[in-house]
Undergrad: 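Quick one: structure below, then a few questions.
FYI, side chains are in, hydrogens and waters are out, and symmetry mates aren't considered; it's all heavy atoms of this structure. Below, read A as the first sequence line, B as the second, and so on, with proteins coming before strands; counting in each chain starts at 1. None of these values were measured; they are calculated from a predicted model.
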Amino acid sequence: EAQVTQNPRYLITVTGKKLTVTCSQNMNHEYMSWYRQDPGLGLRQIYYSMNVEVTDKGDVPEGYKVSRKEKRNFPLILESPSPNQTSLYFCASSLWAPQTSNQPQHFGDGTRLSIL
Amino acid sequence: TQLLEQSPQFLSIQEGENLTVYCNSSSVFSSLQWYRQEPGEGPVLLVTVVTGGEVKKLKRLTFQFGDARKDSSLHITAAQPGDTGLYLCAGALATGTSYGKLTFGQGTILTVHP
């Protein structure tokens with residue numbers, strides 16, 4: 001089954017404790033991205049990757065890191081989490097960048113992070 | 001300031017009513033997508049519009065892309081309780097420096113009462 005898998009689905013942790021949210025897709029997609037979803041703000045793009053070893057900042061990259069060593073995986077790293085990073089996070093992938101015609105984003109089911 | 005302004009943010013209507021959700025920007029988009037999201041799940045694509053002035057229909061849902069590719073609307077005819085959910089528009093900017101970025105509107109929470 002074609003899917004985007006995020007882990008963990010839920011995490012409660014404390015300020016300053018490094019954490020990684022994994023994202024994996026099995027559709028051989030070139031493009032992957034991370035979003036955070038907060039009430040009243042919709043989804044905001046954190047980072048995106050056009051290809052292996054190519055990553056770029058989205059609209060809210062501060063406090064986050066990503067890597068793209070393999071095509072299928074795109075982990076999101078919070079080196080020193082803070083309470084303002086408490087949010088619902090989504091990973092998504094598509095065959096090519098959204099600007100290329102008709103590129104639906106395939107989303108994971110989300111990761112709810114609570115930073116105390 | 002949101003690049004894509006979506007309105008209204010909340011919509012509560014009775015079954016059978018019609019409704020329209022708007023997505024507006026001062027920027028030009030190469031394409032605009034509409035998603036629907038259920039609680040506990042990620043957004044799922046409804047439609048992509050690419051050409052200025054384009055109209056697409058999906059059963060009772062009609063999507064329109066503005067002539068200048070700066071705005072879009074979603075119209076639902078005779079809404080049903082099964083239409084309840086969060087509707088999101090998302091635009092891919094046409095400018096070179098933003099290539100790869102995808103911008104979402106704030107979302108519209110639609111509740112259709114039986």
Undergrad: Find out if a path of hydrophobic residues (ILVMFWY) with successive side-chain heavy-atom gaps under 4.5 Å connects A:I46 to A:V21.
TA: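 Yes.
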Undergrad: For chain A, which of B:G40, B:A90, B:G91 has the most heavy-atom pairs under 4.5 Å?
TA: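 Max contact count across the listed options: B:G40.
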Undergrad: With the 4.5 Å side-chain cut-off for hydrophobic clustering, are A:M50 and A:F74 part of the same group?
TA: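 A:M50 does not cluster with A:F74.
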Undergrad: Between B:L32, B:T48, B:L102, B:L93, which is the residue that forms a side chain to side chain contact (heavy atoms under 4.5 Å, CB included) with A:P98?
TA: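 Option passing the side chain to side chain contact (heavy atoms under 4.5 Å, CB included) with A:P98: B:L102.
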Undergrad: Let me check something: do A:W34 and A:L88 share a hydrophobic cluster, defined by ILVMFWY side-chain heavy atoms less than 4.5 Å apart, either directly or through other members?
TA: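 No, it is not one cluster - the side chains of A:W34 and A:L88 are not joined through contacts under 4.5 Å.
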Undergrad: Please say whether more than 12 non-hydrogen atoms of neighbouring residues, nucleotides or ligands are located less than 6.0 Å from NZ in A:K71.
TA: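 Enclosed: over 12 neighbouring heavy atoms sit under 6.0 Å from NZ of A:K71.
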Undergrad: Non-hydrogen atoms of chain A under 4.5 Å away: do they reach the side chain of B:F10, the backbone, both or neither?
TA: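 When you check distances to chain A, no heavy atom of B:F10 falls under 4.5 Å.
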Undergrad: Which bit of A:R9 comes within less than 4.5 Å of chain B, counting heavy atoms only: side chain, backbone, both or neither?
TA: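 Contact with chain B: side chain only.
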Undergrad: Kindly check if the number of other-residue, nucleotide or ligand heavy atoms within 6.0 Å of OH (B:Y22) is above 12?
TA: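 For B:Y22, atom OH is not crowded (no more than 12 foreign heavy atoms under 6.0 Å).
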Undergrad: For A:Y48 and B:K101, work out which heavy atoms get closest and say how close.
TA: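 Of all heavy-atom pairs spanning A:Y48 and B:K101, the closest is CE2-CG, 3.6 Å.
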Undergrad: Assess whether side chain to side chain contact (heavy atoms under 4.5 Å, CB included) is satisfied between B:F104 and A:R44, documenting all intermediate values.
TA: CA-CA 7 Å; B:F104 281 80; A:R44 292 180 292 168; over 6 Å; no
Undergrad: Determine, using the 4.5 Å side-chain heavy-atom cutoff (strictly less than), whether B:L11 and B:I76 are members of one ILVMFWY cluster.
TA: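 Per the 4.5 Å side-chain linkage, B:L11 and B:I76 are co-clustered.
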Undergrad: Against chain A, label B:L86 side chain, backbone, both or neither, depending on which of its atoms sit under 4.5 Å from a heavy atom there.
TA: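 For B:L86, the contact with chain A is made by the side chain alone.
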Undergrad: Side chain, backbone, both or neither: which part of A:Q37 has an atom under 4.5 Å from a heavy atom of chain B?
TA: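 For A:Q37, side-chain heavy atoms alone lie under 4.5 Å from chain B.
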Undergrad: Is the backbone N or O of B:G100 less than 3.5 Å from a side-chain atom of A:Y31, with the two atoms forming a donor-acceptor pair by type?
TA: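 Answer holds: yes.
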Undergrad: Please rank A:D109, A:V4, A:L43 by heavy-atom pairs under 4.5 Å with chain B and give me the top one.
TA: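 Looking at each option in turn, the highest pair count goes to A:L43.
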Undergrad: For the CG atom on A:L116, are there more than 12 heavy atoms of other groups (residues, nucleotides or ligands in this structure) within a distance under 6.0 Å?
TA: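 Atom CG in A:L116 is crowded, with more than 12 foreign heavy atoms closer than 6.0 Å.
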Undergrad: Locate the shortest heavy-atom distance separating B:Q33 from A:Q103; write the atom from each residue and the value.
TA: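 In this case the closest contact between B:Q33 and A:Q103 is NE2-O, 2.8 Å.
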Undergrad: Select one option (side chain, backbone, both, neither) describing which atoms of B:Q6 are under 4.5 Å from chain A's heavy atoms.
TA: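 Neither the backbone nor the side chain of B:Q6 comes within 4.5 Å of chain A.
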Undergrad: What pair of heavy atoms forms the shortest contact from B:G42 to A:F107, and how long is it?
TA: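 B:G42 and A:F107 have their closest heavy atoms at CA-CB, 4.0 Å.
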Undergrad: Under 4.5 Å between side-chain heavy atoms, counting indirect links through other Ile/Leu/Val/Met/Phe/Trp/Tyr residues: same cluster for B:V21 and B:L58 or not?
TA: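 In one cluster: yes.
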Undergrad: Would you indicate whether A:R112, at its atom CZ, is surrounded by more than 12 heavy atoms from other residues, nucleotides or ligands within a distance under 6.0 Å?
TA: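 No, not enclosed.
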Undergrad: How close do B:Q37 and A:F90 get, heavy atom to heavy atom, and via which atoms?
TA: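 Looks like NE2-CZ, 3.3 Å.
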Undergrad: Report yes or no: does B:Y35 contribute a side-chain atom to a donor-acceptor pair with the main-chain N or O of A:Q105 at less than 3.5 Å?
TA: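 Yes, because the side chain of B:Y35 sits within donor-acceptor range (under 3.5 Å) of the backbone of A:Q105.
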